[in-house]
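Working notes, structure below.
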Amino acid sequence: MFRAISRRLAILNALVVIAVIAIVGVASYFYLAQRIETQTNMELRSRSASAVELWTNVFAQADANNASGTPSALADGKRGTNDDDDEDDDREEENEHQARELLRSGDTIAYGVDLDGNIISTLRPIEIEHLPREDSIERALQGEVVLETAIVEHERVRLRTEPVYADGRIIGAIQVGMGLGPNERLLEFVRWSTIGGLLLGVLLAVPAGWWLANRSMRPIREAFARQRSFVADAAHELRTPLTLIRAEAEYMQQTPELALSDRHESETAIVREVDSMANLVSSLLTLARMDEHATQFLGKQVDLSGICCRGAERFQSLAADRNISLELDANIPVTVSCDADATEQVLAILLDNAIAYTPNGGRVLVRTSMRAGKAVIEVSDTGIGISAEDQRRIFDRFYRADPARSRSSGGAGLGLSIATELMAAQRGSILVTSEFGSGSTFTLLFDTLQGHH
Ligand code: ADP
């Protein structure tokens with residue numbers, strides 16, 4: 001189950017990472033493309049304006065020639081003869097190479113054209129096939145401004161063609177262009193970075209997500225395992241008294257001729273087991289409630305000595321029954337911020353144990369004091385004691401140092417774990433010191449409000 005959740009979390013994590021990279025990548029790609037286009041258009045516009053300025057005279061001359069009917073000299077030269085020499089071929093090849101380089105470099109190209117469509121001026125002495133574009137020139141001569149992207153020599157070129165005016169009259173047109181190569185290479189870089197980032201994201205996010213999910217799942221897994229064993233233990237504990245009750249009941253059922261005294265014995269046993277089950281169930285309820293709410297008590301000022309007096313009083317008759325002397329050393333008030341009910345409950349658990357695990361004729365002492373800025377309740381007994389190994393485990397749920405003995409005293413091994421949680425909920429703690437065979441001391445520590453050190 002946890003494996004499936006981990007996997008789902010890892011995939012989710014990867015998807016989020018991929019989505020973020022994709023969104024950022026695509027957004028920056030389109031933003032950049034947009035910026036480049038606007039900038040290129042602006043650049044072309046200003047280049048075109050400078051070319052018009054630079055060629056004012058050339059255009060004026062062409063206009064004058066046009067008026068007088070003399071064809072343009074440059075146009076004549078350009079569109080003139082074609083000597084088919086080897087040398088010419090070489091030059092053509094060289095020219096083509098230069099043209100491609102020029103377009104690829106992203107430098108500006110510019111043509112001035114007269115009213116007849118003849119080239120009267122160029123920015124560079126390099127001929128480029130299909131340039132200037134004649135249909136755009138024609139449209140410009142009609143007064144249109146044409147913006148377009150054309151493919152020339154396998155390079156994408158942005159072109160701007162516009163009419164040139166003198167005295168409010170069109171006297172020619174100008175076409176400026178710019179290879180988009182460098183910008184497109186930049187865009188391509190962004191594109192490939194995004195794709196690379198996506199691949200890397202997938203490669204890293206899946207294992208990273210898996211690792212993270214497993215890590216954050218560990219406490220849940222442990223809590224789940226604890227809960228599961230808790231339920232198993234609880235069921236087991238409940239089955240024992242049930243088995244005994246059933247056995248006694250069956251015995252009475254199958255033996256109608258049972259003597260009154262025997263019947264009474266069986267009934268007593270059943271009542272004892274039912275009591276033990278009731279105890280167990282109420283302990284389970286306490287624990288379940290504390291687990292559910294992660295109880296955190298609001299501290300009120302409480303006198304621990306008072307609580308100990310009342311506790312000792314309640315257990316006096318039980319101790320007397322077992323011939324155990326229960327003594328109290330709580331003369332000075334010890335006031336601390338804690339929960340009175342919870343503290344009473346903890347004290348009852350400790351006194352119950354102390355009396356249960358102390359042989360006849362023994363002694364149990366309840367003492368309050370202040371120690372190193374902490375308020376202290378100590379419950380010590382002269383009982384059977386707890387081995388060092390058991391001392392570490394008696395606070396675990398369902399743990400009993402000596403199950404047989406413990407069961408006969410009615411405990412299911414939950415008392416001390418409830419006490420631990422009640423103390424933790426009051427920001428206090430519980431400690432044990434014990435000498436196996438000669439007695440134990442349980443110590444409750446409460447932080448005082450003043451917080452001495
Ligand atoms: P139980 O219901 O069995 O008393 P607890 O959680 O209160 O469960 O105690 C756990 C175990 O710790 C007991 O079974 C017992 O073995 C041991 N223990 C607790 N208090 C004492 C004590 N005062 N003297 C000796 N052993 C004790």
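Numbering of ligands and ligand atoms starts at 1, following listing order. No experiment lies behind these values; they were computed from the predicted model shown.
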Next on the checklist: With nothing but distance in play, are any N or O atoms of I384 less than 3.5 Å from an N or O of ligand 1?
Outcome noted: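 No - when backbone and side-chain N and O of I384 are compared with those of ligand 1, no distance drops under 3.5 Å.
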Checklist entry - Just distances here: any N/O of N353 and N/O of ligand 1 closer than 3.5 Å? => result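 For ligand 1, there is an N or O atom that lies under 3.5 Å from one belonging to N353.
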Atoms of ligand 1 less than 4.0 Å from [X] heavy atoms?
X	value
G413	1 (P), 2 (O), 3 (O), 6 (O), 8 (O)
G385	25 (C)
Y399	10 (C), 11 (C)
A401	14 (O), 16 (O)
L414	6 (O), 8 (O)
A412	2 (O)
G415	5 (P), 6 (O), 7 (O), 8 (O)
I394	6 (O), 10 (C), 11 (C), 12 (O), 17 (C)

Checklist entry - Does the side chain of L351 come within less than 4.5 Å of R314's, by heavy atoms? => result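 A side-chain contact is absent here, since even the closest heavy-atom pair is not under 4.5 Å.
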State plainly whether the residues [X] and [Y] are in salt-bridge range, i.e. N to O under 4.0 Å.
X	Y	result
E421	R289	no
E389	R393	no
R371	E378	yes

Next on the checklist: Between R226 and E222, is the salt bridge (charged side-chain N to carboxylate O under 4.0 Å, His left out) condition met? List the steps.
Outcome noted: CA-CA 6 Å; R226 261 201 313 274; E222 284 166 4; 5.0 Å; no
Item to check | Selection from D381, I386, L351 by shortest heavy-atom distance to atom 25 (C) of ligand 1 | outcome: I386
Item to check | Residue pair K374, D447: steps toward the salt bridge (charged side-chain N to carboxylate O under 4.0 Å, His left out) verdict | outcome: CA-CA 5 Å; K374 301 215 180 219; D447 263 329; 3.2 Å; yes
Checklist entry - What distance separates Q426 CD from T343 OG1, expressed to the nearest 0.5 Å? => result 3.5 Å
Next on the checklist: So for G383, does at least one of its heavy atoms come nearer than 4.0 angstrom to any atom of ligand 1?
Outcome noted: no
Checklist entry - Is F442 in contact with ligand 1, taking contact as a heavy-atom separation below 4.0 Å? => result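 Within the 4.0 Å threshold, so yes.
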Next on the checklist: Please tell me whether R158 and N41 have a donor and an acceptor in their side chains that are separated by less than 3.5 angstrom.
Outcome noted: yes
Next on the checklist: So for atom CD, which belongs to E148, do other residues, nucleotides or ligands contribute more than 12 heavy atoms lying within a distance under 6.0 Å?
Outcome noted: yes
